[in-house]
Amino acid sequence: MKTHFYIIDDDELFLKLGKMYLEMGTCTSSVTLFNYATEALKAIENMEEFLDQRYVVFLDLNMPILNGFGFLEALEKKPILLQKNIQIYVLTSSINHDDIERIKQYKSVTEYLNKPMTREMVQHVCAS
Amino acid sequence: MHGVVNQAIEGLISQRFGTEAWEEIRIASQCADTTFYNNHNYSDTVTYALVVNASKILDMDIQTLLFEFGKYWVLTIAAEKYAALLHSAGKGLREFLVNLPNFHSRVMLYYPEITPPEFKVLEVSDTTLELQYFSKRPGLHPFVSGILEGLSTFFETPATIELMDTSMEDEYHKSVFSLHF
Amino acid sequence: MQTLKKLFPFYLRLDKDLNIIEYGRSMGKLLHENGSFKDHFKFIRPNFGITHSFASIAEFLDQFFILELFHHPKKVRFKGQFIIHHEHEDELWFCGSPWLMSVEDLQQHDLFVTDFAQHDSAIDTLLMLNQNLLNLQDNSKMIADLKQKNERLQQVNERLDAIVYAITHDFRAPLLASIGLLQLPESMVLEELPEILHTLKRLDRTIIHLNELSKNEKIALKFSTINWEELIRESYHNYSVIYGIKIPIHLSINETTPFHSDTFRIRTIVNNLISNAIKYARPVLEETSFIKISIHTDPSSCIFTIEDNGEGIDEKNLENIFKLFYRASIKSQGNGIGLYIIKEMVQYLKGTVTVKSVKNEGTTFTLKFPNQKLE
């Protein structure tokens, strides 16, 4: 299924890396990069959906201004957003126990993944 | 040395020269304790180090410092913590000193671990007393002079205090004071 | 009889009708006349089944008594026992001493240690009370001391937690990025090598920063004359090379007397400030970018100001910028340690630092240091 990818990360390098790997993937339709979770939130609110297309978000946790948790809080507060066919993968360098536990509370998160992105990860996401 | 002695050193320096001067002296003496407890025993080395460093840093000679510490101990620390106790030992300085050896023995009941000094008092005449001070520690007679001076003020008994002699008797450093009322 | 009198200076000698025949020298300080026992003393203990009669008291010879001299303005109490003298069987002797609750009571009654017999533990009880008070004082001091140490420990722990968290995140980020880049297909990897190098250097700088932070607490203050001109030019040159940009710098030094302070810390502070000024310059300004440093020294202090026309800091972030690991924007290529170090070191030198900034216009840091005296 054609997948539109969003990567939300304050680190330019990871954005670039993520884009490179996703563009090598088999199911990628588009890749959009966001430095700020606030902007990603706005984009998601405004986007139009097509039923035969999939949307996957890779979300970093540790970002200034609005971090990953803040983004998820905001997202889950707006039920209409949850109806959209969006899968959220947390992609973080954090191996902190408290962070991992805390993420489990968010229903909108599909899986907790560790950086960096790899080819196998892209395949795995495409396949789900 | 008993905690209250170090308290006198800290107290006098902080009061007269400021807490920064005290901190400097304390650190120079490698004294880790920032507070001295009434009923704790501290090593003599620390007390001596404090006095020596205070003398260096404040540019005062050791004898004068010890004298001031003695006076301060009576007029500030003892007056605050032991006033009633001191008064109970005698009416006026003369009576206090005559009763001192006995009283001192009694007080030492509560401090089994310490090395106290010993006292002998001789009533030379109606107006003169001789106080003999025996200590296992050297060089403390200026401290005792200060204490006697302080006691004279505390008991409101004017007296002329003079150090007559110092010598060794057995393992004790003996100092003889004459008090004229 | 003499022996008894010596051992109990507060003795009372009563006849068959309970008249006071005689009393001890010390008792004489409190009781000033003879008369009937009943007129002066009342029984506190035993208080049940006893009357003021010879026979009644005789029944309680195996018990201890507490008597109160109620005539006395301060109502002194005595603890002791009654005995019948073996040579005078029609006499009752009270042998005891004042029962006092504190050493101050002695003073109040004009009594002295010498008024008590040597063997009498009453005085020792009082001395022990005094001891306890002093011990209580010690305990309070100890508790206060422990509380303070606990607080410090908590602070240290929090800092440690923050550092560990930052390490697992901030330190991993550049490493993971490098790993990610190195796992790309061979053809792409070569292109990314400069980026990998840059990232790893960044990591190294973070570690160095963290080390500087720990050094602050360990290196003793050492005062010497600060040569501002030399220090600033060196720092400026170093960071211009590191960042590969040359921003026009204006230096104005005004010293009426030399400035003395700790060179290591002043240098670290200047390095961090200049590094920031260069890092956050606005590329769009090109040659109109500037850094202005002005220094003013007088006998009591030195005021150091550094002004730039770079990116500036958002007003809402201003109060947080000195916090450890705080990064205000995604462009924060830093690790959030630099400004924290500046703050810690300024504080260590007993100085002050303030910042003024407008987003997209520029930032000014003003620091004030006390001018130290050289040994």
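Predicted model, so just to flag it, every value in this text is computed and none were measured. Naming: A, B, ... by sequence-line order, numbering from 1 per chain.
- Under a cut-off of 6.0 angstrom, the local environment of NE2 in C:His237 is sparse, with at most 12 non-hydrogen atoms contributed by other residues, nucleotides or ligands.
- The heavy-atom pair separating A:Ser93 from C:Leu176 by the smallest distance is CB-CD1, 3.3 Å.
- Nearest approach of C:Ala177 to A:Leu17, heavy atoms of both residues: O-CD2, 3.8 Å.
- Contact annotation for C:Leu175: neither backbone nor side-chain heavy atoms come within less than 4.5 Å of a heavy atom of chain A.
- We find the NZ-CD distance between A:Lys16 and C:Glu195 to be 4.5 Å, quoted to the nearest 0.5 Å.
- Heavy-atom neighbours of C:Lys343 NZ from other residues, nucleotides or ligands within 6.0 Å: above the threshold of 12.
- Looking at A:Asp99, only its side chain comes within 4.5 Å of chain C, counting heavy atoms on both sides.
- Atom CZ of residue A:Phe14 and atom CG of residue C:Leu181 lie 8.5 Å apart, to the nearest 0.5 angstrom.
- Counted within 6.0 Å of CD on A:Glu101, heavy atoms from surrounding residues, nucleotides or ligands total more than 12; the atom is thus considered enclosed.
- When the shell of 6.0 Å around CD of C:Gln148 is examined, it contains 12 or fewer heavy atoms from other residues, nucleotides or ligands.
- Shortest non-hydrogen contact noted between C:Leu184 and A:Met20 is CD1-SD, 3.6 Å.
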Fill in: side-chain contact (heavy atoms from CB on, under 4.5 Å) between A:Arg119 and C:Gln183, intermediate numbers included
CA-CA 9 Å; A:Arg119 258 190 277 195; C:Gln183 285 176 322; over 6 Å; no
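- Within the 4.5 Å cutoff, the side chain of C:Pro185 has heavy atoms near those of the A:Met24 side chain.
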